[in-house]
Student: 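Here it is: the structure, laid out below.
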Amino acid sequence: MNNPTPSPDASEVLIVGAGPAGLMLANVLGMYGRKVTVLEAMDQLIDYPRGVGLDDESFRTIQTVGLVDTIQPHTTPQHIMRLVNGAGKVILVNNPQTDEFGWGRKHGFIQPEADKALYEGLARFKHVQVLFGHRVEDVRETADGVTAVALVAGPDGELEERNFTAQYLVGCEGGKSPTRKRMGVSFEGESPSTRWLVVDVNNDPLGTPNVFLGADPKRPYVSIGLPHAVRRWEFMLHDGETEDQVTDPAYVNNLLSAHVPDPSKLDFIRRRVFTHHARVAGNFRKGRQLIAGDAAHLMPVWMGQGWNSGMRDATNLGWKLAAVLSGQAGDALLDTFTTERKEHAQAMVDLSLTFGNFIKITNPLLAAGRDAASSVLNLFPSVKSYFSDMKFKPMPRYTQGVLADPNTQASGRAAARLTSKLVPVLTANNKVSPVGVQFPQPRVNSKAGANVLLDDAIGNWWAVVVWGNSPKDVLPSESLEKLRTLGARLVCVLPETQRAWAERDMGEDVLVLGDHTGRMKKWFDDRPTPLVFLRPDRFVAGACLTQNAPATLDAILRSMAFTGKPAAHGAVQVPDDARELLG
């Protein structure tokens, strides 16, 4: 091995691993103008199908980084899931109709194509680079930054060391993450002994565009229709069936014989055995090293949340790194990444395990009891809609982090309910606090365009949204100055009938949005919180009556370790080289 000592390559953030979480994080940071290097040990992106489910939260992030047009062609909207018993009878349907975040709740997708779009999207940013064939062997951390030592093949084929420096390093290298191991944090959970055979084929021989989960006690299976005429089957393996045995073409054809007339004529992409894992790291950060995606949590496949959980990590972490690197926030802001993301990651792991246990029952008597109970429960519309509309899926709710309590204006935490005795709260239809959850994304009208999604109208950083009022009229000058320093957009939302009046009277520094669908009016009508502070990741940091806004804002700024410095180096704006492509 050669050991040259060239000067290190300097970035602000090193991302180890060009998987989906790492690529999305690089896109978010690139959008905010940060200098990023992605180091990937492999020579190219993985090109075989893996994840198959893309949810509405992920599509919202894809929208934020301007890649909807390149990823959407590789998706199937409204990916319906049907749970069937051993006789093929449907015992449960999952077909959510909501689009509260601007996109359908469930989509089938081809992960290699989505990952490729994330990778190619980085070409928009001159300050972001992806280096394949760079295996990180060691990381040295100091008080001021990190140095990653990577092995890379030199011109003569010999491995050479190359050093990379940055202020922070994020490990996105998957479940065996060396970064997590270097951090010395726990990875608690289980790896159930149940193994599965996954079979992917081209030229889908069935053509059904959705998902069947076969709760057959003889051998549970999954059959999934995917975009681009790809079909996936997964079969649960019994004890004693070896990997060599079950990947043998004749054995695979026998498993498929109940699904297609002639399995030997299928165009196979791969046959592979895998085991589900259900683990969450004890901490997602230690010093200047962090972990995201599968490095931080491994999900059983049942709820299709592995890829999506990585997107949630990138969405949460990206703006926080940008704020710290720009000097707007102190280093303590990064501690909220674990605080906010770990609990929901654990909830998704637990739900996936529970759902898997419901499907993979092999005892005939227990399976018959499950089927009978499902038939009875389906007679109750409220229970049926609970499954059909995916209400069982826990949506992220942050109770600690970059938040202000809606009742006390305490910093860094938020109660789940509104408890004030004021009449607006007592008479509200919805006393569940909106703080700590995602804000909806309906379509709105503005001077710049009609019928656009909310996030496209308000931009990619902080925003203050007020119903019916100008933020300048309900906030004191001291608060407005803090918001200007933060780079927050001032937004007024009101009925479309009033938009022309408001645009004339409120001035150019207030974005006026017309609620032509009535969905924003309904949201504010249900809640006694006419003023909302929106974080860059579109979670609600604070929501209150306007007279509580100054104290709420101050509590939010304390929770993010706000320094009072204006954003620098494009931390709020899309850089010029990406502006045209992002629209």
Side-chain angles (χ1 to χ4, degrees), residues 100 329 336 339-340 395-442 454 458 461-494 502 506 510-513 515 519-562:
E100 63 183 309
T336 67
T339 304
E340 294 182 347
M395 298 303 295
R397 170 179 280 280
Y398 302 149
T399 58
Q400 298 182 69
V402 184
L403 309 164
D405 187 272
N407 304 301
T408 66
Q409 289 78 57
S411 177
R413 62 179 184 272
R417 294 193 64 82
L418 303 172
T419 59
S420 170
K421 300 303 181 183
L422 289 173
V423 170
V425 177
L426 294 175
T427 59
N429 290 332
N430 191 339
K431 295 181 179 63
V432 176
S433 170
V435 178
V437 300
Q438 275 197 69
F439 197 66
Q441 189 188 197
L454 177 68
I458 66 177
W461 198 241
W462 285 83
V464 182
V465 180
V466 182
W467 173 261
N469 263 314
S470 167
K472 294 192 303 181
D473 292 339
V474 297
L475 290 168
S477 58
E478 295 84 354
S479 295
L480 291 172
E481 181 58 33
K482 293 171 185 176
L483 290 169
R484 278 191 288 270
T485 303
L486 181 62
R489 193 79 179 267
L490 304 181
V491 182
C492 167
V493 182
L494 35 60
M506 291 186 183
V510 174
L511 174 66
V512 177
L513 300 178
D515 176 34
R519 296 178 76 169
M520 291 288 276
K521 178 176 179 287
K522 175 69 167 59
W523 191 93
F524 281 103
D525 186 53
D526 285 345
R527 296 165 179 81
T529 52
L531 189 147
V532 176
F533 295 95
L534 280 189
R535 302 177 357 169
D537 57 7
R538 298 307 170 232
F539 278 75
V540 177
C544 57
L545 294 170
T546 55
Q547 291 182 2
N548 286 331
T552 299
L553 173 60
D554 289 344
I556 293 168
L557 296 178
R558 288 196 302 273
S559 73
M560 67 173 287
F562 184 61

Student: Surrounding NZ of Lys521 (heavy atoms of other residues, nucleotides or ligands, distance under 6.0 Å), is the total greater than 12?
Tutor: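 Counting neighbours around NZ of Lys521, 12 or fewer heavy atoms of other residues, nucleotides or ligands fall under 6.0 Å, so no.
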Student: Closest heavy-atom contact between Ser559 and Leu403?
Tutor: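 That would be OG-N, 3.3 Å.
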Student: Stepwise, does the side-chain contact (heavy atoms from CB on, under 4.5 Å) test hold for Leu475 with Leu531?
Tutor: CA-CA 10 Å; Leu475 290 168; Leu531 189 147; 4.2 Å; yes
Student: Begin from the C-alpha positions of Asp515 and Phe524 and carry the test side-chain contact (heavy atoms from CB on, under 4.5 Å) through to its verdict.
Tutor: CA-CA 11 Å; Asp515 176 34; Phe524 281 103; over 6 Å; no
Student: Taking all non-hydrogen atoms of both residues into account, name the closest pair between Pro442 and Arg519 and its distance.
Tutor: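 Taking every non-hydrogen atom into account, CB-CB, 4.0 Å.
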Student: Over all heavy atoms of both residues, which pair between Arg489 and Ile458 is shortest? Give the atoms and the distance, please.
Tutor: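 Minimum heavy-atom separation between Arg489 and Ile458: NH1-O, 3.6 Å.
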Student: If you round to the nearest 0.5 Å, how far is CG of Leu454 from CZ of Arg538?
Tutor: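 Interatomic distance, Arg538 CZ to Leu454 CG, rounded to 0.5 Å: 7.0 Å.
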Student: Distance from Leu494 atom CG to Ser470 atom OG, nearest 0.5 Å?
Tutor: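 Atom-to-atom, Leu494:CG and Ser470:OG are 10.0 Å apart.
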Student: Could you tell me which non-hydrogen atom of Val493 sits nearest to which non-hydrogen atom of Trp467, and how far apart they are?
Tutor: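 Nearest heavy atoms, Val493 then Trp467: O-CE3, 3.1 Å.
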Student: Decide salt bridge (charged side-chain N to carboxylate O under 4.0 Å, His left out) for Asp526 and Lys522; before the verdict, give the C-alpha distance in whole Å, the side-chain angles of both, and the deciding distance to 0.1 Å.
Tutor: CA-CA 6 Å; Asp526 285 345; Lys522 175 69 167 59; 2.5 Å; yes
Student: Walk me through it: do Lys421 and Val425 pass the test side-chain contact (heavy atoms from CB on, under 4.5 Å)?
Tutor: CA-CA 7 Å; Lys421 300 303 181 183; Val425 177; over 6 Å; no
Student: Would you give the length of the straight line joining atom CD of Gln400 to atom CD of Glu340, rounded to the nearest 0.5 angstrom?
Tutor: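 CD of Glu340 is found 9.5 Å from CD of Gln400.
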Student: Given 3.5 Å as the limit, does a donor-acceptor pair link the side chain of Asn407 with the main chain of Arg417, or not?
Tutor: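 Side chain of Asn407 to backbone of Arg417: a pair is present.
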Student: What are the two closest non-hydrogen atoms of Ala329 and Met560, and how far apart are they?
Tutor: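 That would be CB-O, 3.3 Å.
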Student: Could you tell me if the side chain of Val437 sits less than 4.5 Å from the side chain of Val432, heavy atoms only?
Tutor: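 Counting from C-beta outward, Val432 and Val437 never come under 4.5 Å.
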Student: Mind listing the closest non-hydrogen atom pair of Arg535 and Ala541 along with its distance?
Tutor: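 Looking at all heavy atoms of both residues, the closest pair is CG-CB, 3.5 Å.
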Student: Spell out, as yes or no, whether a donor-acceptor pair under 3.5 Å connects the side chain of Arg558 to the backbone of Leu553.
Tutor: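 Such a contact is absent between Arg558 side chain and Leu553 backbone.
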Student: Hey, can you tell me if Tyr398 and Phe539 have their rings parallel, tilted or perpendicular (30° and 60° cut-offs)?
Tutor: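 Judged by the thresholds at 30° and 60°, the geometry between Tyr398 and Phe539 is parallel.
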Student: Check whether any side-chain heavy atom of Asp554 lies under 4.5 Å from a side-chain heavy atom of Lys482, and answer yes or no.
Tutor: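 A side-chain contact exists here, since the closest heavy-atom pair is under 4.5 Å.
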Student: Let me see the working for Trp462 and Val464 under side-chain contact (heavy atoms from CB on, under 4.5 Å), right down to the final yes or no.
Tutor: CA-CA 7 Å; Trp462 285 83; Val464 182; over 6 Å; no
Student: In the structure I gave you, are the side-chain heavy atoms of Pro434 and Thr529 within less than 4.5 Å of one another anywhere?
Tutor: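 SC-SC contact between Pro434 and Thr529 confirmed.
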Student: Just so I know, are the side chains of Cys492 and Leu513 near enough to count as touching, which here means a heavy-atom distance under 4.5 Å?
Tutor: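 A side-chain contact is absent here, since even the closest heavy-atom pair is not under 4.5 Å.
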Student: Output the distance between atom CG (Leu557) and atom OG (Ser411), rounded to the nearest 0.5 Å.
Tutor: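 Going from CG on Leu557 over to OG on Ser411, the span is 9.0 Å.
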Student: Rounded to the nearest 0.5 Å, how far apart are NZ of Lys472 and CG of Leu480?
Tutor: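 CG of Leu480 is found 8.5 Å from NZ of Lys472.
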Student: At what distance, to the nearest 0.5 angstrom, does CG of Asp405 lie from CZ of Arg413?
Tutor: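 Rounded to the nearest 0.5 Å, the CG-CZ separation comes to 6.5 Å.
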Student: May I ask you to decide if Thr419's main-chain N or O and Lys431's side chain share a donor-acceptor pair within less than 3.5 Å?
Tutor: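 Side chain of Lys431 to backbone of Thr419: no pair is present.
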